[in-house]
*Asks:* 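One structure is given below, represented as structure tokens, and several questions about it will come after.
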Amino acid sequence: MLVDEKSYREKVFALVRTIPRGRVMTYGQIAAILGEGYTARTVGYVMHTASADNVPWQRVVNASGGCSTAKFTVPFDLQQKLLEQEGVAFNAKAKCKLDDYLWSPEVAEDDDHPNLFGG
DNA sequence: CTCGTGACGGGGG
DNA sequence: TCCCCCGCCACGA
């Protein structure tokens, strides 16, 4: 690859772009996969610089399965709404079930879930 | 170069 | 189970 020396941010974005519709990843998981130098904190920082045009930022949630963006970055619960449109269900506590929706690029083929994107 | 910030995560009460 | 505190490291002024 000609551009293996991507920016710190580009690596995060590249990974986020691999998250399929109807699935999510957590900041900590992304940091763990990218490895050295990456922490949930920095991944979160990087994500806030992302553009909706370049990255499906909505598919990144915190370790609790909730939307950290709901606090102030975007109007109210936009992220949750976007995810719900993709088939990700949230409970009354505004958390999605990570056991069902968490995406792992390394075990992508192991998915025994139904086609959430079906539509 | 230095200081403070921030879309996080884990442990204890 | 929820809330608070501390540590983590890239970025911007």
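This one's a predicted model, so the numbers in the text were calculated from it and none came from an experiment. Reminder, nothing fancy here: chain letters follow the sequence lines and each chain counts from 1.
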*Asks:* Round to a whole Å and report the spacing from CD of Glu10(A) to P of dA10(C).
*Replies:* 17 Å
*Asks:* Which of these nucleotides, dA7(B), dG9(B), dC11(C), is closest to any side-chain atom of Trp57(A)?
*Replies:* dA7(B)
*Asks:* Quick one: do Tyr45(A) and Ile33(A) end up in the same hydrophobic cluster if we chain Ile, Leu, Val, Met, Phe, Trp and Tyr together by side-chain heavy atoms under 4.5 Å apart?
*Replies:* no
*Asks:* Given dG10(B), dG12(C), dA7(B), identify the nucleotide with an atom nearest to the side chain of Tyr45(A).
*Replies:* dG12(C)
*Asks:* In whole angstrom, what separates Tyr27(A)'s OH from dA10(C)'s C1'?
*Replies:* 16 Å
*Asks:* Walk me through whether Lys81(A) and Glu86(A) qualify under salt bridge (charged side-chain N to carboxylate O under 4.0 Å, His left out).
*Replies:* CA-CA 9 Å; Lys81(A) 290 184 177 179; Glu86(A) 298 186 359; over 6 Å; no
*Asks:* Could you check how far OH of Tyr38(A) sits from C1' of dA10(C), rounded to whole Å?
*Replies:* 10 Å
*Asks:* Tell me which nucleotide among dG9(B), dA10(C), dC8(C) gets nearest to the side chain of Tyr8(A).
*Replies:* dA10(C)
*Asks:* From the list dG12(C), dC2(C), dA7(B), which nucleotide is the closest neighbour of the side chain of Arg9(A)?
*Replies:* dG12(C)
*Asks:* Rounded to whole angstroms, how far apart are CG on Leu83(A) and P on dA7(B)?
*Replies:* 18 Å
*Asks:* To the nearest Å, give me how far apart CG (Leu102(A)) and P (dG9(B)) are.
*Replies:* 11 Å
*Asks:* In whole angstrom, what separates Leu98(A)'s CG from dG9(B)'s C1'?
*Replies:* 13 Å
*Asks:* Testing the 3.5 Å rule here: is there a donor-acceptor pair between the side chains of Tyr8(A) and Thr42(A)?
*Replies:* yes
*Asks:* Whole angstrom is fine here: how far is it from CE in Met47(A) over to P in dC8(C)?
*Replies:* 24 Å
*Asks:* Thr39(A) has a side chain; which of dG9(B), dA7(B), dC8(C) sits nearest to it?
*Replies:* dC8(C)
*Asks:* Tell me the interatomic distance from Lys93(A), atom NZ, to dC2(C), atom P, rounded to whole angstroms.
*Replies:* 6 Å
*Asks:* Quick one: are Phe90(A) and Cys67(A) in side-chain contact, heavy atoms under 4.5 Å?
*Replies:* yes
